[in-house]
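Reading through the structure tokens given below for one structure.
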Amino acid sequence: MTKTESTVQDEIRAPLIAQHEEKKENNFMVYISTFVAVCGSFAFGSCAGYSSPTQSAIREDLNLSLAEYSLFGSILTFGAMIGAIASGPMADFFGRKGALRISTAFCTAGWLAIYFAQGPLPLDIGRLATGFGMGVFSYVVPVFIAEIAPKNLRGALTAANQLMICTGVSVAFIIGTMLAWRTLALTGLIPCAVLLVGLFFIPESPRWLAKIGKQKEFEASLRKLRGKDADVSEEADEIQDYIDTLQKLPKAKLFDLFQRRYLRSVTIGVGLMVCQQFGGINGICFYTSSIFESAGFPADIGTIIYAIIQVVVTALNALFVDKAGRKPLLLVSGTGLVMGCLLAALSFYMKTYEIGLQAAPALAVTGILLYIASFSAGMGAVPWIIMSEIFPINIKGAAGSLATLVNWFGAWAVSFTFNFLLSWSSYGTFLVYAAINLAGILFVITMVPETKGRTLEQIQAAINT
């Protein structure tokens, strides 16, 4: 879930940053600023990973029905949808740092509401608030990093955003097996506190300052980020020229996206988000512990292995996406997702009909771990990368918002229906996800172009004709 708008903004910034060997750049402040910003990514991951290790304890302590806990698990993504819609206007009006402060405040209030909850209502309100903060983080953190980083560091620093989301999820999974659910909620306050304090020491995005016409602050911010000895005049001129050009372009409205010339790029961008979410990732991520318990495998061990695999494979994906290409990674990822779902389905089928019961837990665990490794290898990050490359600049804001909203809606729908599907048929659930992931492979083969090694203009000219 990763998520995410940094790649949407990457190519806007590519021509903006002129790096010259003779400049004495000092990137210390860029690294510090990125560290502070990715505390928001870690907070995002903490929110996403919270409901999996805490399900049985919260239901027992507060006497929640399955429907009440499903609402608690899924309302996070509903809050994130609202946050995702609000994030663009908030980041433009309050600035990148202002939007980060607001989302941190929502997350802090949400965690405290969960900690003090004595019934389902405050629990759900807290979860909705953390979801809103998470939706804002999903857009603002990568955009802020992309706007402050020099060209030669931008890829690696943007990858840190996705890596910290996975790390946040994994840490929540692992320490959630050791801590009470109320204590785990308090640990969610730690990245919020670091972010809130850190924001006092880092500069605002120079591009946002240029956009709103604060020339003096813009140059001071850029100088602080590049080091006092660096010559920032050329970079500042390029940023200013490009922002002037951007403001002359007509802003596309939502219905303009369905014009014939944009339809293919919108179909690819939105279609990849449907493939990513409706293949079942959020259901499996949120309810990992209960899946392992249902299969008869120790939930604590399974969850820890899952968490480690997710972080390692996501880190490898960040290293290889430019070498291997987008389409091959998506196809390998999709094949692994189908195989993982089929293994899990076979395990639950054997358990249901009491066939080979000794082998069933190992099959379930293998299937789930293959699923998450495959998702992290391609389907997690690549749809966001491709979306950033295929939309022409004049529809990028509207098209990116639509794709992001579809993504969060899919995350909400899957996490809400997952427990009900498992109650209907445990093996049937995974067969449904296998079929959706197979359809995703066919979609990638027939619709998605390879974008590696081509300029954005070449990609967009080929698609939007």
Side-chain angles (χ1 to χ4, degrees), residues 1 40 42-84 86 102-138 165 168-193 282-291 293-294 299-300 303 408-409 411-423:
M1 294 187 302
F42 191 91
F44 176 136
S46 304
C47 298
Y50 181 76
S51 66
S52 179
T54 57
Q55 176 167 355
S56 51
I58 292 179
R59 284 189 65 188
E60 193 179 321
D61 283 4
L62 301 181
N63 293 318
L64 300 186
S65 68
L66 181 62
E68 285 173 327
Y69 193 81
S70 284
L71 179 62
F72 171 73
S74 63
I75 203 169
L76 177 82
T77 39
F78 184 70
M81 279 191 277
I82 302 168
I102 293 166
S103 53
T104 305
F106 271 90
C107 282
T108 303
W111 284 124
L112 290 173
I114 291 168
Y115 176 76
F116 290 111
Q118 297 299 328
L121 185 61
L123 207 62
D124 290 342
I125 290 170
R127 189 76 166 158
L128 188 68
T130 57
F132 180 87
M134 184 171 154
V136 177
F137 282 139
S138 73
I165 291 170
V169 171
S170 300
V171 168
F173 275 9
I174 293 167
I175 65 173
T177 61
M178 308 168 200
L179 298 177
W181 64 271
R182 292 186 194 275
T183 312
L184 186 62
L186 285 183
T187 65
L189 296 173
I190 297 169
C192 295
N282 265 295
I284 289 164
C285 174
F286 285 179
Y287 302 110
T288 307
S289 297
S290 56
I291 294 168
E293 281 168 14
S294 301
D300 293 359
T303 301
W408 282 115
F409 173 76
W412 173 79
V414 167
S415 60
F416 184 71
T417 56
F418 187 77
N419 268 342
F420 296 109
L421 281 171
L422 273 187
S423 303

For side-chain contact (heavy atoms from CB on, under 4.5 Å), just list the numbers for Thr187 and Trp111, CA-CA rounded to whole Å, side-chain angles, deciding distance to a tenth of an Å, and then say yes or no.
CA-CA 9 Å; Thr187 65; Trp111 284 124; over 6 Å; no
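- Under the 4.5 Å side-chain criterion, counting only non-hydrogen atoms from C-beta, Phe42 is in contact with Val171.
- Residues Leu66 and Ser423 share a closest heavy-atom pair of CD2-OG, 3.6 Å.
- Expressed to the nearest 0.5 Å, how far CG of Leu64 lies from CD1 of Ile58 amounts to 7.5 Å.
- Looking at Leu112 and Leu189, their side chains come closer than 4.5 Å, going by heavy atoms from C-beta outward.
- Taking OG1 of Thr54 as the start and CD of Glu60 as the end, the distance is 12.5 Å to the nearest 0.5 Å.
- Across all non-hydrogen atoms, the minimal contact from Thr177 to Pro53 is N-CB, 4.4 Å.
- To the nearest 0.5 Å, atom CZ of residue Phe72 and atom CG of residue Leu121 are 12.5 Å apart.
- For the pair Asn282 and Ala411, the tightest heavy-atom approach, listed with the atom from each and the gap, is ND2-CB, 3.1 Å.
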Start with the C-alpha gap between Glu68 and Asn63, add the side-chain angles, then the distance that decides, and say whether side-chain contact (heavy atoms from CB on, under 4.5 Å) holds.
CA-CA 9 Å; Glu68 285 173 327; Asn63 293 318; over 6 Å; no
Under the side-chain contact (heavy atoms from CB on, under 4.5 Å) rule, what do Ile114 and Tyr50 come out as? Steps first, then yes or no, please.
CA-CA 11 Å; Ile114 291 168; Tyr50 181 76; 3.6 Å; yes
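- Checking side-chain atoms of Tyr69 against main-chain N and O of Ser56 turns up no donor-acceptor pair under 3.5 Å.
- Thr183 is linked by a side-chain contact (heavy atoms from CB on, under 4.5 Å) to Leu179, Ala180, counting only residues two or more places apart in sequence or in another chain.
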Please determine whether side-chain contact (heavy atoms from CB on, under 4.5 Å) holds for the pair Trp181 and Leu62, giving the CA-CA distance in whole Å, both sets of side-chain angles, and the decisive distance to 0.1 Å.
CA-CA 11 Å; Trp181 64 271; Leu62 301 181; 3.9 Å; yes
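- Aromatic ring orientation, Trp408 versus Phe44: tilted (interplanar angle from 30° to 60°).
- Considering only heavy atoms from C-beta on, Val136 stays 4.5 Å or farther from Ile102 through its side chain.
- No more than 12 heavy-atom neighbours from other residues, nucleotides or ligands sit within 6.0 angstrom of CZ on Phe78.
- When all heavy atoms of Ala113 and Pro122 are compared, the closest pair comes out as CB-O, 3.9 Å.
- Checking side-chain atoms of Arg127 against main-chain N and O of Leu76 turns up no donor-acceptor pair under 3.5 Å.
- Between the CG atom in Leu123 and the CG atom in Leu128 there is a gap of 12.0 Å [rounded to 0.5 Å].
- Taking every heavy atom of both residues into account, Gly110 and Ala129 meet most closely at CA-CB, 3.8 Å.
- Using a 4.5 Å heavy-atom cutoff, the side chains of Cys47 and Phe137 are not in contact.
- Applying the side-chain contact (heavy atoms from CB on, under 4.5 Å) test to Phe420 and every residue at least two apart in sequence or in another chain returns Ala67, Ser70, Phe416.
- Here the CD1 atom belonging to Ile165 is positioned 11.0 Å from the OG atom belonging to Ser46, to the nearest 0.5 angstrom.
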